[in-house]
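Quick note: numbers below take in every heavy atom, side chains included, and nothing from hydrogens, waters or symmetry partners.
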Amino acid sequence: MSVGGGIIPVEPVRRPGARSAVVGPAAPAATLTCRGQLKGDAMSQYFNLGDETLWNPSNGASRMFQRQITLFEAELGIPSGIGPMENDECEIAPAAFEAFVHALLARRRRTNHTVLLALCEGFTVTVLVLAERAGIKVDPSQLEADPEGPFEDVQIFAVTARSALTESGARINELREKVRELGRHMPR
């Protein structure tokens, strides 16, 4: 771990009361480094729109998000506007990203399949936080609007039209709350 520019070795962890039973790393003391030190490994990546950083996630979160981008680009049949990660940074093309956001929401409106919605939710919420930070207007009524096109992946279940409408409104409100909450946990 780096403290004030210095490197602190990480010692093996020993079980309390034991003289030699190693619980943690058994190898000689390891060294943890921060961005730009020794190995030069970055600890995070940057999603930028011009000079503004919209998100600065850890490498693992960034890697998973980028793989989801590829998946959703294929599912929607359009590019996301999120460029390749180069030197721990990627550029977001605003017009293409806006089209992607609206296509993602349109696709969401064309299904009522609970499992499909659950699988898509984390990605959708993350994209909506980025869209908000990018200044892309997402009209809340658009989340509830009738789909442009036929329903896909429809799940049949025993609910009345009234309960389906109530459930849909509740899901929209829940999605909005998740966007607000996740936005607080996505560093810039």
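In this structure, the side chains of L182 and M186 come closer than 4.5 Å at one or more pairs of heavy atoms. Side-chain contact between N56 and Q45 is absent, with no heavy atoms from C-beta onward closer than 4.5 Å. A 4.5 Å side-chain heavy-atom check between V127 and E132 finds every atom pair outside the cut-off. Contact annotation: the side chain of F97 approaches that of I82 to within less than 4.5 Å [non-hydrogen atoms, C-beta and beyond]. Using a 4.5 Å heavy-atom cutoff, the side chains of L117 and T124 are not in contact.
When every heavy atom of I136 is checked against every heavy atom of P94, the shortest pair comes out as CD1-O, 4.4 Å. Here the closest heavy-atom approach between residue L54 and residue R188 is recorded as O-CG, 3.8 Å. Residues G81 and A96 come closest through the heavy atom pair CA-CB, 3.6 Å. Smallest separation of non-hydrogen atoms from V179 and V129: O-CG2, 3.4 Å. The two atoms that bring A131 and V101 nearest to each other are CB-CG2, 3.9 Å, heavy atoms only. Closest approach of M85 and S62 over heavy atoms only: CE-OG, 3.6 Å.
The structure places CZ of F47 at 11.5 Å from CD of E91, a figure rounded to the nearest 0.5 Å. In this structure, the separation between CG on L49 and CG on L130 is 10.0 Å, given to the nearest 0.5 Å. For the atom pair CG of L116 and CD of E121, the computed distance is 11.5 Å after rounding to the nearest 0.5 Å. To the nearest 0.5 Å, atom SG of residue C120 and atom CD of residue E75 are 8.0 Å apart. Summarising the geometry, atom CE belonging to M43 is positioned 12.0 Å from atom CG belonging to D88; distances are rounded to the nearest 0.5 Å.
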Open item on the list: Please evaluate residues I92 and F100 with respect to the criterion side-chain contact (heavy atoms from CB on, under 4.5 Å), reporting the C-alpha separation (whole Å), side-chain torsions for both, the decisive distance (0.1 Å), and the verdict.
Closed with: CA-CA 11 Å; I92 297 175; F100 180 78; over 6 Å; no

TODO: Start with the C-alpha distance between N173 and E177, add both sets of side-chain angles, then the distance that settles side-chain contact (heavy atoms from CB on, under 4.5 Å), and finish with yes or no.
DONE: CA-CA 6 Å; N173 289 334; E177 181 55 36; over 6 Å; no

Open item on the list: side-chain contact (heavy atoms from CB on, under 4.5 Å), that's the test. Do F123 and L104 meet it? Break it down for me.
Closed with: CA-CA 10 Å; F123 179 77; L104 180 64; 3.9 Å; yes

- [ ] Kindly determine whether E73 and I78 satisfy side-chain contact (heavy atoms from CB on, under 4.5 Å), including the steps that lead there.
- [x] CA-CA 5 Å; E73 286 175 330; I78 64 169; over 6 Å; no

Open item on the list: Show, in sequence, the C-alpha distance, side-chain angles and deciding distance for Q66 and T70, and conclude whether the side chain to side chain donor-acceptor pair (under 3.5 Å) test is met.
Closed with: CA-CA 6 Å; Q66 290 173 70; T70 302; over 6 Å; no

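Classified by interplanar angle (parallel below 30°, tilted 30° to 60°, perpendicular above 60°), the ring pair W55/F65 is perpendicular.
The pair K137-E98 fails the salt-bridge criterion, with no side-chain N (NZ, NE, NH1 or NH2) lying under 4.0 Å from an Asp/Glu carboxylate O. One finds no salt bridge joining K178 and E181 here, because no Lys/Arg side-chain nitrogen approaches an Asp/Glu carboxylate oxygen to under 4.0 Å.
Environment of CE in M64: sparse, with no more than 12 heavy atoms of neighbouring residues, nucleotides or ligands closer than 6.0 Å.
Follow the hydrophobic side-chain contacts under 4.5 Å out from V138 and you reach V125 in the same cluster.
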